Amino acid sequence: MKSLWQKGFILLILCLIFLTGCSEKYPVLHPVGPVGEKERNLIILSAVLMAIVIIPVIALLAFIVYRYRDKPNNRAPYKPNWDDSKILEFVWWGIPIIIIAVLSIYTVRDTFALTKPPANTGEPISIQVTSLDWKWVFFYPDEGVATVNYIDIPAGRPVQFELTSDAPMNSFWIPALGGQEYTMPGMAMRLWLQANKVGTYTGKGANFTGKEFSKMSFAVHVKKETDFDQWVKALKNQSPQLTEAGYKQLKKPGVVGKKSFSSYPKDIFHDTVMKNGGKYMNNDWMMKDHSQEMKGK
Amino acid sequence: MFEHIRSFASHFFVTGEPMIYASDVAIVLFLVGIIFTLTYLKKWKWLWREWITTVDHKKIGIMYLISALLMMFRGGVDALLMRTQLALPNQTFLDAEHYNQIFTTHGTIMILFMAMPFLFALFNIAVPLQLGARDVAFPFLNSVSFWLFFFGALLFNLSFVIGGSPDAGWTSYPPLTELGFDKGPGENFYLLGIQISGIGSMATGINFLVTILKMRAPGMTLMRLPLFCWSVVASCIIIIFAFPALTVALALLLIDRVADAHFFTMLHGGNPMMFINLFWIWGHPEVYIVVLPAYGIYSEVVSTFSGKKIFGYKTMVISLMIISVVSYFVWAHHYFTMGASAGVNSFFAVASMLIGIPTGVKVFNWLFTMFRGRIQLKLPMLWTLAFIPCFAMGGATGIMLAVAPADYQYHNSYFLIAHFHQTLIGGVAFGLLAGMYYWWPKMFGFSLNERLGRWAFWFFNIGFYVCFMPQYFLGFMGMTRRVYTYSGDTGWTSFNFISSIGAYLMGIGFLFIVVQVLYSIKYGERDLTGDPWNGRTLEWAIASPAPHYNFAHIPEVTERDAWWDMKARGESLIKVNQRMAFKPIHMPKNSGLPFIMAVFFFISGFGFVFNWYWMAALGLLGVGICMIVRSNNRDSEYYIPAEDVEKTEAALGRV
């Protein structure tokens with residue numbers, strides 16, 4: 001299977017280079033972390049499997065339309081009553097069943113795999129994400145700092161994002177790192193991502209939330225471990241505190257720029273989830289904390 | 001007092017936008033024009049007697065068709081406005097508010113007020129004729145369905161000039177659509193417009209299912225049913241089981257909004273997720289409601305224009321029915337990323353992929369219907385041939401989207417947008433147009449001009465690929481749907497610009513269709529045989545346009561492709577007319593009640609939109625009275641005397 005993936009991938013890369021001359025522009029196809037890579041591999045696999053069906057179908061269509069066109073001198077056979085062939089029908093029930101079966105196996109395998117943190121990597125860190133109208137607030141529970149509309153993360157360590165919304169639901173998406181997950185009021189859903197390459201990437205809100213929804217992108221700075229520690233230190237020393245009143249101010253609908261805070265009210269994320277109906281969701285599957293399993297490894 | 005009125009009017013009417021003022025003027029001029037023309041030509045009575053009160057399925061079909069084409073125009077203009085805004089980065093052609101309204105109305109109109117009525121037009125025109133029936137099972141209900149659709153659509157479109165358009169997307173997810181975030185009446189227009197027309201859709205589903213099960217000509221067993229009718233059966237079953245979910249979702253959200261309840265709110269125990277579940281329990285089957293009849297149309301067209309029996313009839317029927325059942329088990333694939341567990345996602349991913357199997361089989365059956373046939377490239381066939389590669393690609397990207405983990409990267413991106421436009425345009429719209437060209441001569445007695453139709457075809461098709469192929473790449477670039485603008489440094493500019501050019505090419509294609517219709521009304525080739533395509537099914541056995549009672553004598557069916565079989569035996573309905581004596585024909589009477597009842601529905605809906613409860617109650621009272629009047633009406637049928645039937649058939653040259 002591996003070689004098929006590689007062939008397909010090379011083919012696709014060639015197409016893209018041919019089309020645009022530049023491949024950096026496609027974060028989904030050039031992810032910088034293991035989650036995105038797994039998803040990219042599935043994208044390629046499914047595209048190749050589909051091409052196996054689509055290309056012959058289109059070729060067959062072109063051939064049939066040409067060969068059996070209604071021209072006076074067309075000498076191709078004409079059998080107006082031929083309408084049944086068990087063998088042929090057996091073949092084209094068979095082909096899609098096999099293809100769908102193969103694709104299903106990989107789909108189910110990776111669906112389960114992606115609910116767990118990326119394997120064989122560093123110590124996980126945790127970031128709590130709240131989507132507001134029309135901005136993103138990030139809390140770092142271990143470091144005690146908070147940011148608005150940007151995050152810094154260390155390269156090579158899995159990040160467990162805990163997601164909620166204190167406004168209409170949005171969807172938290174950093175294409176270069178991997179797939180998205182919704183931010184829903186009253187729930188704290190979890191998403192594992194990881195970046196292995198230092199750089200700046202774009203994250204965005206993917207679900208419509210009203211007037212200024214288009215302005216809801218945020219920057220993701222992936223840094224070396226030491227640079228990350230320095231950034232935290234700098235925040236702690238230089239930035240203002242986020243108070244309850246400050247959060248209320250942020251919550252008002254509107255667009256703001258990037259902001260940094262040296263501290264925040266400790267339970268604010270948990271309180272936000274509870275306030276919006278989280279008490280009904282205590283048994284929810286997505287809200288289970290996998291970081292304990294991770295630490296046991 | 002004056003101040004009071006002024007402040008009311010400034011909220012009631014949409015103000016402050018030159019484009020909308022211009023539309024106001026256009027709407028008023030258009031209405032005045034219609035009223036003047038009707039009065040000048042003394043056509044008011046004719047309009048009432050022949051059209052508004054009609055229960056004739058053929059006329060109802062034509063009214064559906066005209067409404068659908070008008071709605072296609074409005075939805076298309078919405079699309080062009082959006083593509084104009086997105087053609088270049090940082091444009092200010094539309095502001096956020098207007099863009100949000102426009103993508104909402106575009107989606108809602110294209111699915112519910114364009115695709116649905118267009119299909120119902122073709123149901124109405126073709127199904128009873130294919131069955132050898134004289135009307136649908138419940139002609140009065142059929143008229144109710146149409147007028148509910150009409151006034152539902154009118155209410156929805158009214159939001160453009162009164163109160164403001166809905167702006168939360170055609171999916172209308174709470175809590176964004178709850179009072180806390182969306183106070184305006186726009187969302188109410190959405191809820192009530194769809195609710196009212198939805199009642200009509202439900203009735204149509206029941207009506208056509210019963211028609212096909214109970215009103216087939218003698219000898220037409222289910223396995224001799226034309227495939228279009230089979231596809232209507234599949235579609236109607238889905239309508240009957242899926243629409244109630246939408247009705248409930250919309251009703252509860254409306255109660256949240258007008259009575260301050262908490263079904264889907266964030267606070268006080270509401271759960272927005274429930275709306276999303278209910279919406280898609282209807283919403284995904286809905287796409288099969290619209291695409292299955294299109295499959296039926298393709299089956300009729302491929303067989304007719306290849307001069308050959310459909311390949312694998314039984315398989316075609318089985319695959320239709322499989323799709324109509326499996327379509328209920330895929331809805332959660334619209335939100336793999338909303339926190340369902342891996343088990344749930346796996347189930348819905350695999351179920352969604354399974355749909356690909358019967359669909360793939362159908363494509364092969366169409367291909368092998370053409371194989372060893374004689375393919376005539378007339379307009380209906382052209383659109384069918386264009387459908388196959390387009391839908392194959394759209395289906396393939398659909399299976400890619402069904403791969404749940406990969407969907408985490410596609411969800412709400414332009415990849416998704418490209419996918420569903422490819423299936424809904426390539427699958428549904430192409431089928432609707434193929435059906436329109438195919439049955440046009442039967443509806444109106446003349447064919448549409450081929451040359452102009454080919455121009456439309458090529459503009460629309462090339463435009464389609466230019467418009468939507470770049471959007472797959474925009475998805476991989478991380479462009480999300482529903483953004484009203486983007487900055488130049490995203491790198492999205494060139495693909496967006498190309499896409500907008502494609503949209504304009506499609507617009508030109510539509511204009512060619514309009515010109516084609518207008519030209520053909522005057523110069524189109526008249527169909528005197530009733531069978532312009534050398535057809536296979538019963539609708540081609542009678543005159544074009546069909547007489548009021550359809551069949552002077554109900555034909556006897558002995559084979560699949562009944563009319564083809566009659567022709568092969570040297571039989572025809574003219575010969576039947578000559579052999580057998582004419583008998584009086586039992587027909588339903590026209591009635592103005594459906595129209596009046598729908599007007600009351602409209603009044604009630606309008607009252608709910610603005611929370612004017614007296615008006616809402618008055619409207620519902622009117623609806624109730626109409627129902628009572630109808631229930632007590634025992635005089636709803638009559639007989640056409642045998643001499644009149646004979647005269648009509650003689651005038652058509654068929655005795």
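All values derive from a computational prediction rather than experimental measurement. Note on naming: letters A, B, ... go to the chains in the order of the sequence lines (proteins, then strands), and numbering restarts at 1 for each one.
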For B:Thr337 against A:Met189, the heavy-atom pair lying closest together: O-CE, 4.4 Å

Gap between atom CD of A:Gln180 and atom CG of B:Asn412 - 0.5 Å precision: 6.0 Å

A:Arg40 side, atom CZ; B:Phe476 side, atom CZ - distance, nearest 0.5 Å: 11.5 Å

Side chain proximity check, A:Leu114 to B:Tyr408, heavy atoms < 4.5 angstrom: no

Heavy-atom check, side chain of B:Phe347 versus side chain of A:Thr111, under 4.5 Å: no

Rounded distance [0.5 Å steps], CZ in A:Arg109 versus OG in B:Ser346: 12.5 Å

Between B:Phe311 and A:Trp82, ring centroids under 6.0 Å: yes

Nearest atoms (heavy-atom pairs only) where B:Glu97 meets A:Lys211: OE1-CE, 3.7 Å

Option that, when pairs with chain A are counted at under 4.5 Å, heavy atom only, ranks first among B:Ile388, B:Thr369, B:Ile399: B:Ile399

Sole residue of A:Phe63, A:Tyr68, A:Tyr66 in ring-ring contact (aromatic ring centres under 6.0 Å, His included) with B:Phe371: A:Tyr68

Nearest heavy-atom neighbours spanning A:Ile43 and B:Ala406: CG1-CB, 3.7 Å

Steps toward side-chain contact (heavy atoms from CB on, under 4.5 Å) verdict (A:Met169, B:Ile276): CA-CA 12 Å; A:Met169 60 184 75; B:Ile276 297 171; 3.7 Å; yes

Under 3.5 Å donor-acceptor, B:Gln409 side chain and A:Gly36 backbone: no

B:Leu176 versus chain A, the contacting section by heavy-atom distance below 4.5 Å: both

Taking every non-hydrogen atom, the tightest pair across B:Arg560 and A:Asp83: NH1-OD2, 4.5 Å

Trace of the side-chain contact (heavy atoms from CB on, under 4.5 Å) decision for B:Phe368 with A:Ser85: CA-CA 10 Å; B:Phe368 277 78; A:Ser85 160; over 6 Å; no

B:Tyr484 versus A:Lys215, side-chain donor and acceptor atoms under 3.5 Å: yes

Side chain, backbone, both or neither of A:Ser217 within contact of chain B (heavy atoms, under 4.5 Å): neither

Pairs of heavy atoms under 4.5 Å with chain A: top-ranked of B:Lys314, B:Lys309, B:Glu178, B:Met370: B:Lys309

Plane angle bin for A:Tyr26 and B:Phe495 - parallel if under 30°, tilted between 30 and 60°, otherwise perpendicular: tilted

Choice from A:Ser171, A:Ala176, A:Pro253, A:Ala167 maximising heavy atom contacts with chain B below 4.5 Å: A:Ala167

Among B:Val350, B:Leu267, B:Asn100, residue most engaged with chain A (heavy-atom pairs, under 4.5 Å): B:Asn100

A:Ile64, part contacting chain B, at a heavy-atom distance under 4.5 Å: both

Least distance between heavy atoms, A:Phe213 atom then B:Arg481 atom: CE2-O, 3.4 Å

Which portion of A:Leu88 sits near chain B, non-hydrogen atoms under 4.5 angstrom: side chain

Top contributor to chain A interface from B:Gly373, B:Ser487, B:Gly491 [non-hydrogen pairs under 4.5 Å]: B:Gly373

Check: A:Tyr78 side chain, B:Gly307 main-chain N or O, donor-acceptor pair, under 3.5 Å: yes

Pick from A:Ile95, A:Ile99, A:Asn74 with the largest number of heavy-atom pairs that fall under 4.5 Å of chain B: A:Asn74

Heavy-atom proximity to chain B below 4.5 Å, by part of A:Ile97: both

Options B:Phe305, B:Phe103, B:Phe336, B:Trp366, ranked by heavy-atom pairs under 4.5 Å with chain A, top entry: B:Phe103

Engaged part of B:Ile355 at the chain A interface, taking heavy atoms whose separation is under 4.5 Å: neither

Interatomic spacing from CE in B:Met477 to OG1 in A:Thr202 - rounded to 0.5 Å: 12.0 Å

Per-residue contact mode, B:Leu474 against chain A (heavy atom under 4.5 angstrom): neither

Closest-packed option against chain B by number of heavy-atom pairs under 4.5 Å, given A:Val108, A:Asn207, A:Ile100: A:Ile100

Interatomic spacing from OG1 in B:Thr315 to CH2 in A:Trp92 - rounded to 0.5 Å: 8.5 Å

Min side-chain heavy-atom separation A:Thr107-B:Pro405 under 4.5 Å: yes

Heavy-atom side-chain proximity of B:Asn365 to A:Glu89 below 4.5 angstrom: yes

Which atoms of B:Val363 approach chain A - backbone, side chain, both or neither, heavy atom under 4.5 Å: side chain

Partner chain B: residue of A:Asn81, A:Val53, A:Asp133 with the largest heavy-atom pair count (under 4.5 Å): A:Asn81

B:Thr397, part contacting chain A, at a heavy-atom distance under 4.5 Å: neither

Region of A:Thr209 in contact with chain B, defined by heavy-atom distances below 4.5 Å: backbone

Toward chain A, the part of B:Ala349 with a non-hydrogen atom under 4.5 Å: side chain

Heavy-atom pair with the smallest gap, counting every atom of B:Met338 and A:Met184: O-CE, 4.0 Å

Side-chain heavy atoms of A:Ser214 within contact of B:Tyr99, under 4.5 Å: no

For chain B, the option from A:Val35, A:Val65, A:Ile174, A:Ile58 that forms the most heavy-atom pairs under 4.5 Å: A:Val65

Pairwise distance CE(B:Met400) to CG(A:Leu42) - rounded to 0.5 angstrom: 10.0 Å

Contact leader toward chain A among B:Met353, B:Lys308, B:Arg374, where contacts are heavy-atom pairs under 4.5 Å: B:Arg374

